[in-house]
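Here is the structure we will look at, set down as structure tokens.
Within every chain, numbering begins at 1; the chains are lettered A, B, ... in the order of the sequence lines, protein sequences first and strands thereafter. Please read these numbers as outputs of a predicted model, since none were measured by experiment.
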Protein chains: 2
Amino acid sequence: MKLTDYKQPSVTVDIVIFSVIDNDLKVLLIERGVEPFKDKWAIPGGFVQMNESLDEAAQRELIEETGVKDVYLEQLYSFGEINRDPRGRVITISYFALVNADRVKLRASTDVKDVKWFSIKKLPILAFDHKKILDYALKRMKWKFEYTCVGFSLLPKKFKLSELQRLYETVFDKQFDKRNFIKKIHALDILKEEGIDESVPYRPPTLYSLKNNIKDIVEII
Amino acid sequence: MKLTDYKQPSVTVDIVIFSVIDNDLKVLLIERGVEPFKDKWAIPGGFVQMNESLDEAAQRELIEETGVKDVYLEQLYSFGEINRDPRGRVITISYFALVNADRVKLRASTDVKDVKWFSIKKLPILAFDHKKILDYALKRMKWKFEYTCVGFSLLPKKFKLSELQRLYETVFDKQFDKRNFIKKIHALDILKEEGIDESVPYRPPTLYSLKNNIKDIVEII
DNA sequence: CCAAAAGTGTTAGTGATACACCCATGT
DNA sequence: ACATGGGTGTATCACTAACACTTTTGG
């Protein structure tokens with residue numbers, strides 16, 4: 001039995017790209033320029049080429065869309081309902097990424113009318129089954145945020161504790177008690193001091209950085 | 001741009017099927033009857049057909065291999081390294097299943113020399129990248145076992161607490177304190193009493209069953 | 001009365017939560 | 001002096017972990 005004895009589905013990767021901009025959790029969407037779902041918003045993605053692994057395909061799509069690499073990128077789930085794409089049988093392997101929006105240069109590519117960051121609170125109607133994918137991504141992203149150190153990839157190398165707390169408050173859309181938050185972070189013993197930021201017009205805050213490469217290793221309970 | 005403009009990879013599903021037999025955690029493997037990896041042991045799986053979703057394909061493979069359905073089945077992860085299959089580009093969507101071995105009738109199918117339960121502690125060398133898939137499945141299965149109620153699908157409808165504890169001790173390969181274990185289970189408030197088993201030659205134990213349909217909803221801890 | 005498994009409480013330690021004020025700086 | 005954000009401690013509660021003996025039944 002040879003591989004070619006089977007009719008084969010197409011395989012795509014779709015990337016849910018998150019960022020935090022102006023204390024608001026955002027997701028990157030593209031406006032489709034072609035059918036199906038022309039003029040509708042969708043999660044960026046594309047076909048997996050024969051000479052690249054799934055992770056490489058996701059990485060490539062991410063770079064095409066945002067110009068950034070070396071960001072947090074994680075496979076989510078594969079969606080393969082028979083009729084999820086009106087063009088035919090398409091299986092998609094979804095990913096999510098966390099990017100620091102400062103580094104991103106949005107570029108509309110072929111077949112794309114527009115590219116925009118959308119607040120997670122004001123999403124348009126999405127093409128295909130992309131709402132389902134986005135919901136799933138959001139759930140998993142929050143989980144990862146809560147239980148690992150992935151969130152630090154959205155901060156500059158050196159940051160103050162209040163920035164870290166604001167980031168978490170944005171993602172979870174709720175307030176935390178300052179003392180308890182700091183206590184918890186310190187208890188994890190994952191930060192090292194990096195001096196003091198003297199450039200502010202108020203009491204200078206201590207800067208911190210993550211201890212070497214524990215980004216997604218240490219579980220934050 | 002049409003779907004057929006792309007050369008397409010093949011897509012398979014592979015199912016890591018777990019069971020607990022004689023207080024030992026087992027996984028179901030098949031001995032391949034054809035190249036590649038002829039005579040090597042592998043995780044059961046097969047090509048996704050054009051008229052079935054991924055979940056349906058996994059379900060079908062599971063039934064073909066074991067004859068059981070209505071068991072716990074969950075998608076794990078998709079593996080798509082370029083050279084993971086010597087026949088060509090094959091992407092596999094892996095699943096894991098928990099089956100009660102009492103209900104299973106093993107059936108060698110075409111291209112399969114043998115089918116056997118292997119103790120997780122004495123695994124043979126596996127074909128393809130199946131070792132990686134199995135390791136991943138094991139990790140996820142244990143996680144699910146610890147934090148949800150999936151484990152109950154390996155027990156009969158009515159069971160005694162000592163059976164439940166023995167199951168957990170088998171899966172995690174360590175002993176738990178009886179009083180603390182029971183206390184924890186009771187605190188979850190997921191069991192209802194189902195009378196007493198009078199048929200034993202020692203003090204008759206209370207039987208319990210899971211409250212309706214909370215199998216994988218309630219998080220344990 | 002013996003074997004086998006069922007059943008049952010208390011204590012100490014650890015982590016989570018709730019809560020309010022003073023400090024250092026620039027203007 | 002004031003505005004801005006930085007920094008700090010304590011008390012209570014809930015959960016976890018460690019630990020051993022008595023009970024019920026059949027043979």
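- The nearest whole Å value for the distance from the CG atom in A:D197 to the P atom in D:dG6 is 10 Å.
- Residue B:P204 has its side chain nearest to D:dT24 when only D:dT24, C:dA24, D:dA20 are considered.
- The side chain of A:K184 has C:dT17 as its nearest neighbour among C:dT17, D:dG9, D:dT25.
- C:dG7 atom P lies 13 Å from atom CZ of B:F181, rounded to whole Å.
- One can place CD1 of B:I182 at 18 Å from P of D:dC19, the figure rounded to the nearest angstrom.
- The interatomic distance linking A:Q175 (CD) with C:dC19 (C1') rounds to 16 Å, in whole Å.
- No more than 12 heavy atoms of other residues, nucleotides or ligands lie within 6.0 Å of NZ in B:K139, so this atom counts as exposed by the packing criterion.
- Each of A:E198 and B:K160 was assigned the nucleotide of DNA chain C with the nearest heavy atom; the assignment lying further toward the 5' end belongs to B:K160.
- The distance from atom CG of B:L188 to atom C1' of D:dC15 is 12 Å, rounded to the nearest whole Å.
- Annotation: side chain of A:Q165 is not in contact with side chain of A:I185 (no heavy-atom distance under 4.5 Å).
- What separates CZ of A:F159 from C1' of D:dG6 is a distance of 16 Å, to the nearest Å.
- Taking 3.5 Å as the limit, the base of D:dG7 and the side chain of A:K178 contain a donor-acceptor pair of atoms between them.
- A centroid separation of 6.0 Å or more is found between the aromatic rings of A:Y77 and B:Y77.
- One can place CG of B:L207 at 14 Å from C1' of C:dA5, the figure rounded to the nearest angstrom.
- Which of D:dC19, C:dC19, C:dT25 sits closest to the side chain of B:N180 comes down to D:dC19.
- Using bins of under 30°, 30° to 60° and over 60° for the plane-to-plane angle, the ring pair A:F37/A:F128 lands in the tilted bin.
- For the OP1/OP2 pair of D:dG5 and a distance below 4.0 Å, the side-chain nitrogens and oxygens of A:S162 include no atom meeting the criterion.
- Side-chain atoms of A:R32 never come within 3.5 Å of backbone atoms of A:D111 as a donor-acceptor pair (strictly under, hydrogens ignored).
- An OP1 or OP2 oxygen of D:dG6 is reached within less than 4.0 angstrom by no side-chain nitrogen or oxygen of A:T206.
- Contact of A:K183 with D:dT10 (side chain to base): a donor-acceptor pair of N or O atoms is detected under 3.5 Å.
- With DNA chain D read from its 5' end, the first of the two nearest nucleotides for B:R203 and A:D177 is the one closest to A:D177.
- Rounded to whole Å, atom C1' of C:dT8 lies 17 Å from atom CD1 of B:I185.
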